[in-house]
There are 2 protein chains.
Amino acid sequence: MSNKHNAREAILDTASRLFFTQGYHATGLNQIIKDSDSPKGSLYYYFPHGKEELVLTCINRTSEMVSQNLRHYVEGEDSPAQAVQNFILSMAREAEESSFEGLVPFSFWVAVETSCVSNELRTACQCVFKDWQDVIAQRLMKDGMQEEAAVGKATVVVSLFEGALLLALTCRNVQPLVAAAESIPAILA
Amino acid sequence: MSNKHNAREAILDTASRLFFTQGYHATGLNQIIKDSDSPKGSLYYYFPHGKEELVLTCINRTSEMVSQNLRHYVEGEDSPAQAVQNFILSMAREAEESSFEGLVPFSFWVAVETSCVSNELRTACQCVFKDWQDVIAQRLMKDGMQEEAAVGKATVVVSLFEGALLLALTCRNVQPLVAAAESIPAILA
DNA sequence: TTTATTATGTAGACCAATTGTTATAAAAGT
DNA sequence: ACTTTTATAACAATTGGTCTACATAATAAA
């Protein structure tokens, strides 16, 4: 699992990175196989349905990473507001360190792009957002918030986070993320 | 100006619609010229630098529309919170009426996509967000808010709005927009 | 007023390059 | 021997872009 090339994993890693930074249509299969040093034969061996199956796998794989990471913050000792703030600020830190090229896999603007490709992809992207919201909503409810309010606030948090990422990536500046983090307490109050 | 075909305007209208719903790379020039009933010769006559010049024109054109529409709401009689709420809810209404295909030109996720294409495009997209924020920040300052706070809150509002659009488009559901509107008073307080 | 001349657009065939995809055969690993 | 994986070559389709021929309209010269 270490020194062997392991084409499948290499392809998935590279494809995820490229899809989530450049976009679905902007990323060609040729670039993926070249960047991952994997042969094209392997790509269609592991993903017989081609590009769409590949991006679907990337999305699902990413979805789990996202849930896990978010849970790490939200299910800790801190208050919900503190936890979400820390999560967003850790993204801002990561963004700066990687010169706005490593926000993968949290900038999910590619969801809208792939939603136009097929219904299967749209459903998968919906689930990602849903999982994300659930983690936050569950925590809010555990703190005594009514379900309806918790779901609403969780949606707002996810929307704000995604939007702030959108602006941060476009402007190459963490300010939107910092401002978003600062406004979290007011939102969750 | 009415019965004559006016290829330039037809191309811009169609291109804007397609770029902002499908994305930059997903929209081919052939589709644009077919949907707008304009010949390819005209496209390169009016936009000699091709696709990039075309999308740049679409973005700038849209930028002005956005500023104008937002100003209409924000510079009215209502309180800032009321104004922004009305603006977002009007988007939600428009989204439902058009079955989530007419959110153009407010869903600006295409900004991240085009930002990868060239620095010129990234700068243009930055300006769009900047204008948008300025309209809100100016209004907040007129109501007595400190500049620093006003700019921060304006950024949050724009981020939240863009993120809510992202979720709404992906889930084909206005709930994120409604939830965003509801949280505006708490954010601007 | 008629005739030339020059812009202004239109129309679409055509191009090289690249897209995603398939087929087939050679290896490698067990 | 047999499955798994790799390595290419070729595929049709489409991409953004170029090119030339053509029509129309405006202006100038006769």
Side-chain angles (χ1 to χ4, degrees), chain A residues 1-59 110 113-121 124, chain B residues 1-59 110 113-121 124:
Chain A
M1 196 228 239
S2 52
N3 59 344
K4 213 195 122 201
H5 193 200
N6 201 344
R8 203 188 113 100
E9 285 304 306
I11 289 172
L12 277 178
D13 285 343
T14 305
S16 294
R17 201 188 75 236
L18 294 175
F19 280 146
F20 285 95
T21 48
Q22 302 180 342
Y24 177 71
H25 291 97
T27 304
L29 296 186
N30 293 326
Q31 191 187 2
I32 293 175
I33 62 118
K34 199 166 64 179
D35 280 30
S36 66
D37 280 318
S38 305
K40 191 171 258 188
S42 300
L43 199 159
Y44 275 90
Y45 174 74
Y46 291 112
F47 308 96
H49 299 300
K51 196 180 187 185
E52 203 173 317
E53 183 183 356
L54 179 59
V55 78
L56 183 61
T57 310
C58 289
I59 288 173
V110 80
E113 200 194 0
T114 53
S115 291
C116 298
V117 175
S118 80
N119 272 327
E120 199 181 356
L121 286 176
Chain B
M1 197 228 239
S2 52
N3 58 345
K4 213 191 128 206
H5 192 201
N6 201 346
R8 204 187 113 97
E9 286 303 307
I11 289 173
L12 276 179
D13 286 343
T14 305
S16 294
R17 202 189 73 237
L18 294 176
F19 280 145
F20 285 95
T21 48
Q22 303 180 339
Y24 177 70
H25 291 97
T27 304
L29 296 185
N30 294 324
Q31 190 187 3
I32 294 175
I33 61 120
K34 198 166 65 180
D35 280 29
S36 66
D37 281 318
S38 306
K40 191 170 263 188
S42 298
L43 199 159
Y44 275 88
Y45 175 75
Y46 292 112
F47 309 96
H49 299 299
K51 198 182 186 184
E52 203 173 315
E53 183 181 357
L54 179 58
V55 78
L56 183 62
T57 311
C58 288
I59 287 172
V110 81
E113 201 194 0
T114 52
S115 291
C116 299
V117 176
S118 80
N119 273 327
E120 199 181 355
L121 286 176

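The sequence lines fix the lettering, A, B, ..., with proteins before strands; numbering per chain opens at 1.
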Please encode protein proximity along nucleotides 21-30 of chain C as a string of B, S and -, counting only heavy-atom distances under 4.0 Å. BB--------
Using whole Å, what does the distance between atom [atom2] of nucleotide [N] and atom [atom1] of [X] come to?
| X | N | atom1 | atom2 | result |
| --- | --- | --- | --- | --- |
| F47(B) | dG9(C) | CZ | C1' | 14 Å |
| D37(A) | dT6(D) | CG | P | 12 Å |
| H25(A) | dT14(D) | NE2 | P | 14 Å |
| I11(B) | dG16(D) | CD1 | P | 14 Å |
| N6(A) | dT6(D) | CG | C1' | 14 Å |
| L43(A) | dT8(D) | CG | P | 16 Å |
| R8(B) | dT10(C) | CZ | C1' | 16 Å |
| I32(B) | dG17(D) | CD1 | C1' | 13 Å |

With sequence neighbours left out, write down each residue that passes side-chain hydrogen bond (donor to acceptor under 3.5 Å, both in side chains) with [X], or none if nothing qualifies.
| X | value |
| --- | --- |
| E120(B) | none |
| K34(B) | none |
| T114(B) | none |
| E53(B) | none |

Would you say that E52(A) contacts F47(A) through its side chain, given a criterion of any heavy-atom pair below 4.5 Å between the two side chains?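 No, every pair of side-chain atoms sits at 4.5 Å or beyond.
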My understanding is that only residues two or more places apart in sequence, or in another chain, count here; which of them pass side chain to side chain contact (heavy atoms under 4.5 Å, CB included) with D13(B)?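 Side chain to side chain contact (heavy atoms under 4.5 Å, CB included) list for D13(B), sorted by chain: R61(B).
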I would like to know whether K40(B) and N30(B) meet side-chain contact (heavy atoms from CB on, under 4.5 Å); could you show each step before the answer? CA-CA 8 Å; K40(B) 191 170 263 188; N30(B) 294 324; 3.0 Å; yes
Could you spell out the base pairing of DNA chain C as a dot-bracket line? Use Watson-Crick and G-U wobble contacts where both distances are under 3.5 Å, [ ] for crossing pairs, | for partners on a different strand. .||||||||||||||||||.||||||||.|
Would you say E113(B)'s side chain and H25(B)'s backbone share a donor-acceptor pair under 3.5 angstrom?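 Answer holds: yes.
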What salt bridge (Lys or Arg N to Asp or Glu O under 4.0 Å) pairs are there with at least one residue in residues 20-32 of chain B, not counting sequence neighbours?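 Sorted pair list comes back empty.
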Are OP1 or OP2 of dT5(D) and a side-chain N or O of S42(A) less than 4.0 angstrom apart?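 No, outside the criterion.
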